[in-house]
Amino acid sequence: MDSIDLRSDTVTWPTPEMREAMYQAEVGDDVYGEDPTINRLEELAARRLGKEAALFVSSGTQGNLIAVLAHCNRGDEMIVGQSSHTFINEVAGASALGGVSSYTIPIQQEGTLSLADIRAAIRDPRDIHYPTTRLVCLENTNGAVGGIPLSIQYTRSVGELCSECDLKLHIDGARIWNAAAAFGCDVKDLAAPADSISFCLSKGLCAPAGAILCGSCDFIERSRRLRKMLGGGMRQIGILAAAGIIAIEKMTKRLQTDHSNAKRLAEGLSDIPGIHLNMQQVQTNMIFFRLDESRSIDAAQMTAVLAREHNVRLDVTGPRSFRAVTHYWITAERIETALAAIRQVWEHA
Ligand code: TLP
């Protein structure tokens, strides 16, 4: 990878080992259930997440959509964070394709939905004016407020509230392995309170495509049918599964390195006068930072100069703000190069 691409961990290339495994992968027609490599990946994912079954899906977006469709009927409602990926960045699939409405509530500074807000959002089932609340969606790590991991204890408390109120709980765990690495816990414990959980193979875990949806056997059977309905019944996808197996078995074990690199980048940025960020929010592989008004250059101009002159790429999140995401292809040395470039462009603006 030439550029120091910090826009996202979705930009990661597959590792050389993945490419070799993909080349060698044994394949079959997965719509017939005959792809041995995908079957192996799904068994591995279910076991590691502590769920009965798992399904390979084309993307995190497809995994979340299938979960909503599998849990809800048309006209039902889900409770979701107002700046969550599911609500903001998934093309309103739940409403467009599922007829499911979203009751949005604020995401707290620590990435959580408050229990009081969830409780207040649950509709009174006796009132015929209301849709039926069916589902709560959490996002772990929470991308909107800095890649913050949600704890086992918090997730359990939401699970208990859902059981008490007869609701389903889905976790958009696109980066759940980053949360497990941050807490040093077993990913199973973060998944346990949820009826379903999706996670991405194609972000910090470096697989070229795909995500996994996990849940009960019955839930996954319905999900498999829904995936077919959405055009996601794929054929010789053992080629992708081969990379996915390495993603789970190996790449999940090295995420702490990305987290240390993110900390180092955040510390370096906060040493630059005029650049601000909240160090407490830097807990996994994401950093959100902003420029003050001491210089006129804005985020769009700064990213253009950084890309053109230094080959460093950042994600612009507002007129003066950015997101940087660390990943496998961002070594400690590249963090220092990126920091020097950012400092130079800002100080000479
Ligand atoms: N996130 C992407 C963009 O879509 C914003 C990124 O660069 O961070 N859940 C969460 C929490 C995500 O961050 C993403 C992707 C998804 C779901 C969707 O995954 P894909 O891209 O596989 O559909």
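Side chains are part of it too, since the values below use all heavy atoms of this structure and drop only hydrogens, waters and symmetry mates. Counting starts at 1 for both ligands and their atoms, in listed order.
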Hey, what polar pairs (N/O, under 3.5 Å) does ligand 1 make with protein?
residue, atom, partner, partner atom, Å
ligand 1, 1 (N), His85, NE2, 3.3
ligand 1, 4 (O), His85, NE2, 2.8
ligand 1, 7 (O), Ser8, OG, 2.7
ligand 1, 7 (O), Arg323, NH2, 2.9
ligand 1, 8 (O), Arg175, NH2, 2.8
ligand 1, 8 (O), Arg323, NH1, 3.0
ligand 1, 8 (O), Arg323, NH2, 3.4
ligand 1, 9 (N), Asp172, OD1, 3.1
ligand 1, 9 (N), Asp172, OD2, 2.6
ligand 1, 13 (O), Arg175, NH1, 2.9
ligand 1, 19 (O), Lys203, NZ, 2.9
ligand 1, 22 (O), Gly60, N, 2.8
ligand 1, 23 (O), Gly60, N, 3.4
ligand 1, 23 (O), Thr61, N, 2.9
ligand 1, 23 (O), Thr61, OG1, 2.6

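- With sequence neighbours left out, Arg225 forms a salt bridge (Lys or Arg N to Asp or Glu O under 4.0 Å) with no residue at all.
- For the pair Asp30 and Arg227, the salt-bridge criterion is met [side-chain N within less than 4.0 Å of a carboxylate O].
- Judged by distance alone, with hydrogens and angles left aside, the side-chain atoms of Trp346 form no donor-acceptor pair with the main-chain N or O of Ile297 at under 3.5 Å.
- A salt bridge does not link Arg40 with Glu26: none of the charged nitrogens is closer than 4.0 Å to a carboxylate oxygen.
- With sequence neighbours excluded, no residue forms a salt bridge (Lys or Arg N to Asp or Glu O under 4.0 Å) with Asp35.
- Val91 is linked by a side chain to side chain contact (heavy atoms under 4.5 Å, CB included) to nothing, counting only residues two or more places apart in sequence or in another chain.
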